[in-house]
Amino acid sequence: MTALLDVRGLVVTFPAPGSGLRRKRVHALSGVDLSLQRGHTHGLVGESGSGKSTLARCVLGLQRPDDGSVVFDGTEIVGLRGSALRDIRRRIQPVFQDPLGSLDPRWTVGRSVRESLDAFGVGSPADRERRVRELLDLVGLSPDHADRHPVQLSGGQRQRVGIAAALASGPDLIVADEPVSALDVSVQAQILNLMARLQRDLGVAFLFVSHDLSVVEHVSSEVSVMYLGKIVETADRADLFADPVHPYTRALLDAVPIPEPDARLVHVPLSGDIPSPIDPPSGCRFHPRCPLRVDSCSREHPVLTPVGTLDSAGHTPHRVACPVVLPARP
Amino acid sequence: MLQINDVRVRIPVAGGRWVEAVDGVTLAVGSGEIVGLVGESGCGKSTLGGAVMGLLPGGAQLSGQVLLDGRDLGGLTAEEYRRVRGNDIALVSQDPSASLDPTFAVGAQVAEAIRNHRDIGRREARERAVELLRAVGIPDPGARYSDPPHRFSGGMKQRVVIAAALANDPSVLIADEPTTALDVTIQAQILHLLRDLTVRTGTGVLMITHDLGVVAQVCDRIAVMYAGQVVEQGTVRDVFADPLHPYTRALLDSQPAAHHRSGDLPVILGQVPDLTDPPAGCRFAARCARVHDRCTTAPPVVETRGGGRVACWLHDALPPVAQEVS
Amino acid sequence: MTAKSTPAGGTAVVRAFFWLPRSARAGALILVVLVIVTLLAPLIAPHDPNAIDPTHVLAAPDLGHPFGADALGRDVFSRTVYALRTSLAIVFASVAVASLAALPLGTAAGYFGGWVDQVISRPLDMLLVLPALLLAITLIAIVGPGSIVAALAIALIYLPILARVQRAASLVVAHAGFVEGGRARGWSSLAVLRRHVVPNALGPLLVQAAILAGFAVQIEASLSFLGLGTQPPTPSLGLMLSEGRDVLTQAPWVEIFPGLAIAVIVLAFNLLGDGLRHRLDPQGMAS
């Protein structure tokens, strides 16, 4: 089975903020591989500076990588321009974090939902209006929401509009960058349920970027954990949460506050600060904070290596980038 | 310690109407205790924090009693309140960058917090500030004393804010979403620090948060707010293990972490009521799965196991709480 | 939006008027009245503004000459009405030219950033550091004096200020989710600029333009006062001030009425600008 999305060796750097003759660069992504099957949800977790949002922007064609490839359904999208890029964009749509900032405050909800239909000239104006009403219904809003402005909606309703706008062009993949982070828990649950239902009914795949492991655990079929521009561990959802291998993944899981009475914080799972991606540590980027580090960690760049028994076809093998927990196999 | 008795806050809005942002809240924070005040946006939790700090928006009306170590803060003049703030009650807010002056050395800001309230010399204040920075886990505090805030990461800035807040050994710390802006591994460090310091100094903490996970990790007791009222309070263990109010239960159920298998999350249907015209009776009734006839009148506040309280008709067989009215 | 407002264009103007804060409505009303006065100048002015009348040299205000007469016996009221016409035309033309040039330059600099920003912003910054009047006088020295040159000189002074404001506003909007969203929904960068960035970034530019229009009256008056703007005998407010100065002690009305007119215009634009700021630029990006 070929993947819907196949990211290989993606490298992105930006000029660091500030000025000067020899400006340093932010190393946002340093060689990232990721694949996503049709109709699946790949969860991408990480803290500040992990590069997860940059990866999402590369997949959306909003950020040109320095190196590497992004293959969507057999087509290389890095370097695409003009009509070829527009054709791909019909099929990969974004849902953003801030539901207010992602809707033009001057536009009605209907116009925002219609935006991609207008761009691609789908059907007659009357067809588009009808489609807008269908889409609003699909995300649980009423047709009269089409004439309102974003400020007149609640946060959850705005995010429903954002999802309807993303669905308008009939995408195969939705890249959702922190889609529920700005919402209250009870509203968050409604949006997560909506996304799950859309996936069941429409077969749309999600690249789901979030800092919230609980949310990622709930929605994902596969999960990748990022740290400072690299993926440190990738696995099926169940494998990753039941049997985390990388020391960073383990610390991250330990740090997540779980709303259960026995989940007291007994020790600090990880000391130290997240280093700056402007001048990332040598070797394994996690080594300065790692409880298991050995001398070689500051020199050698770990690569993602399969762990445990090889999985049956269709499964993402559990892979980890840490030679310490994973003695090199012959 | 801090005792909040039947506090009500009304905030004027356009059209001559009032938002009943806080409606009859009774709550206590004991010495060395961390009480989590939980609720969704607009439930009034931050307004209650503002009422305790004496920092309500202009025109707001406050009634009820806020007692700090037995002293009624309600009768204080603005100047007296200023002396209480930063000395007896301190605040740690969500954004550490906004709490620190970007043009001043962090150490000087901690020292200033001390000198604002105590008549001590510059040198002595500096020594105490360095000591505080060390206590909150700033590495090499003597050297970093003179660094401006932008040289610090978000987590380190929040440590500095905590150092300044604890500078005068306050009785109570109001922590309003203190870790919401931080990454999860850094959040764990800050929560650990807060708990460690409060245990050692005996400072009570009112931790305002939307995150039930944070409450489970560090709080001793929890108070759940909905539409301006505390609907349930009790020890974290009791409330999480057996939530009595349907809202508390729904809130806990809608957490994704509570459902390790995929499948729909239980949701709370409907909208928070308009607090300019709150419904008579139980404010959660319109969204409650277990609503019945009696919910149209305000539910009694009853006492539960372990000194907890709940305001719901489902539990009216429990003994009522004597209303402390000032 | 445009399709809807066309048949009901009149009501849209009325709605826009009541959308303004009260003080700004006063400013807008004054400006509307002044514009009507200048448009109807031939009907309103009782005399030919340039008609010399030796019998009325420095005549005090009376019923025939409500603002009196100047050193050549010309009717000050008629001259003020016509001078308003010249001055307002120069103000509107200069601010319009500067805004129209600043809009694409500032938007491109703010939205694209990087080298595009450098290429646009650096030369404008250089323009900004030159003293305004020196810039105007240099231009006039090269091209020669006149109303159109004065308008262009004012536009040149205002261009970097307005472009800067537009750049800042575009920079903020460029990072909004709906701008990236527009691209991801299949629109080109240019279309996203037109559909999302410009409409959302326009507020501060309008505010700044309204405030600067008030000062433009003063610059125009200064240039004409110095003999570098409107050339006699065409009446302009600055020119009238210059003429009135010589006879200030004998016939103060020659000076007072054009001076008052300038003050009223400046006040009206400032009221309008402040009100617009309240509505369109709550973050205060315009200076």
Side-chain angles (χ1 to χ4, degrees), chain A residues 41 45-50 154-157 180 182-194 196-197 211-221 237-238 241-242 248 251-276 289, chain B residues 39-43 137 139 152-156 179 182-193 195-196 209-218 235-242 247 250-272 287:
Chain A
T41 297
V45 281
E47 299 180 278
S48 313
S50 66
S154 70
Q157 288 173 328
V180 295
L183 306 175
D184 274 321
V185 229
S186 65
V187 181
Q188 166 177 304
Q190 296 173 15
I191 298 297
L192 293 176
N193 288 347
L194 171 66
R197 178 165 61 78
H211 72 284
D212 188 332
L213 277 134
S214 313
V215 169
V216 164
E217 179 178 10
H218 182 75
V219 300
S220 306
S221 30
R237 190 265 317 266
F241 284 92
Y248 176 65
L252 197 59
L253 284 173
D254 269 358
V256 175
I258 300 191
E260 281 165 16
D262 298 320
R264 304 295 285 176
L265 183 66
V266 284
H267 65 282
V268 173
L270 206 53
S271 58
D273 262 329
I274 303 167
S276 159
R289 299 174 80 191
Chain B
E40 299 184 277
S41 325
C43 71
F152 288 74
S153 68
M156 285 294 162
T179 58
L182 304 176
D183 279 311
V184 47
T185 57
I186 308 302
Q187 163 170 289
Q189 296 171 4
I190 297 296
L191 291 176
H192 198 273
L193 172 73
R195 203 177 57 189
D196 192 44
T209 178
H210 69 283
D211 190 334
L212 286 162
V214 167
V215 174
Q217 278 190 318
V218 296
T235 67
V236 164
R237 183 164 292 278
D238 287 342
V239 173
F240 277 68
D242 182 21
Y247 176 66
L251 207 55
L252 279 165
D253 281 348
S254 56
Q255 302 274 331
H259 300 261
H260 292 286
R261 237 171 294 281
S262 290
D264 275 3
L265 292 164
V267 300
I268 307 173
L269 295 171
Q271 306 266 328
V272 178
R287 307 174 74 188

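Note that the coordinates shown come from a computational prediction; the quantities given were computed from them, not determined experimentally. Scope of the values below: all heavy atoms of this structure, side chains included, with no hydrogens, waters or symmetry mates.
The part of A:S154 that comes within reach of chain B is its side chain, from C-beta onward, which places non-hydrogen atoms under 4.5 angstrom from that chain. B:V184 touches chain A through backbone and side chain together, each having a heavy atom under 4.5 Å away.
A donor-acceptor pair under 3.5 Å is formed between the side chain of A:N193 and the backbone N or O of B:L265. A donor-acceptor pair under 3.5 Å is formed between the side chain of A:E47 and the backbone N or O of B:T185.
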Considering only distance and modelled atom types, tabulate donor-acceptor pairs under 3.5 Å from the side chains of residues 266-276 of chain A, sequence neighbours left out.
from	atom 1	to	atom 2	distance (Å)
A:D273	OD1	B:S153	OG	3.2
A:D273	OD2	B:S153	OG	2.6
A:S276	OG	A:I278	N	2.9

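Across B:Q271, B:H192, B:H210, B:R195, the residue that shares the most heavy-atom pairs under 4.5 angstrom with chain A is B:H192. Ranked by heavy-atom pairs under 4.5 Å with chain A, the first of B:D238, B:I186, B:D196, B:V236 is B:I186. Ranked by non-hydrogen atom pairs under 4.5 Å with chain A, the options B:D211, B:V218, B:V214 are led by B:V218.
Remark: A:R197 engages no residue in a salt bridge (Lys or Arg N to Asp or Glu O under 4.0 Å) (not counting sequence neighbours).
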Between B:L182 and B:Q189, is a side chain to side chain contact (heavy atoms under 4.5 Å, CB included) present by the stated rule, with each step listed? CA-CA 10 Å; B:L182 304 176; B:Q189 296 171 4; over 6 Å; no
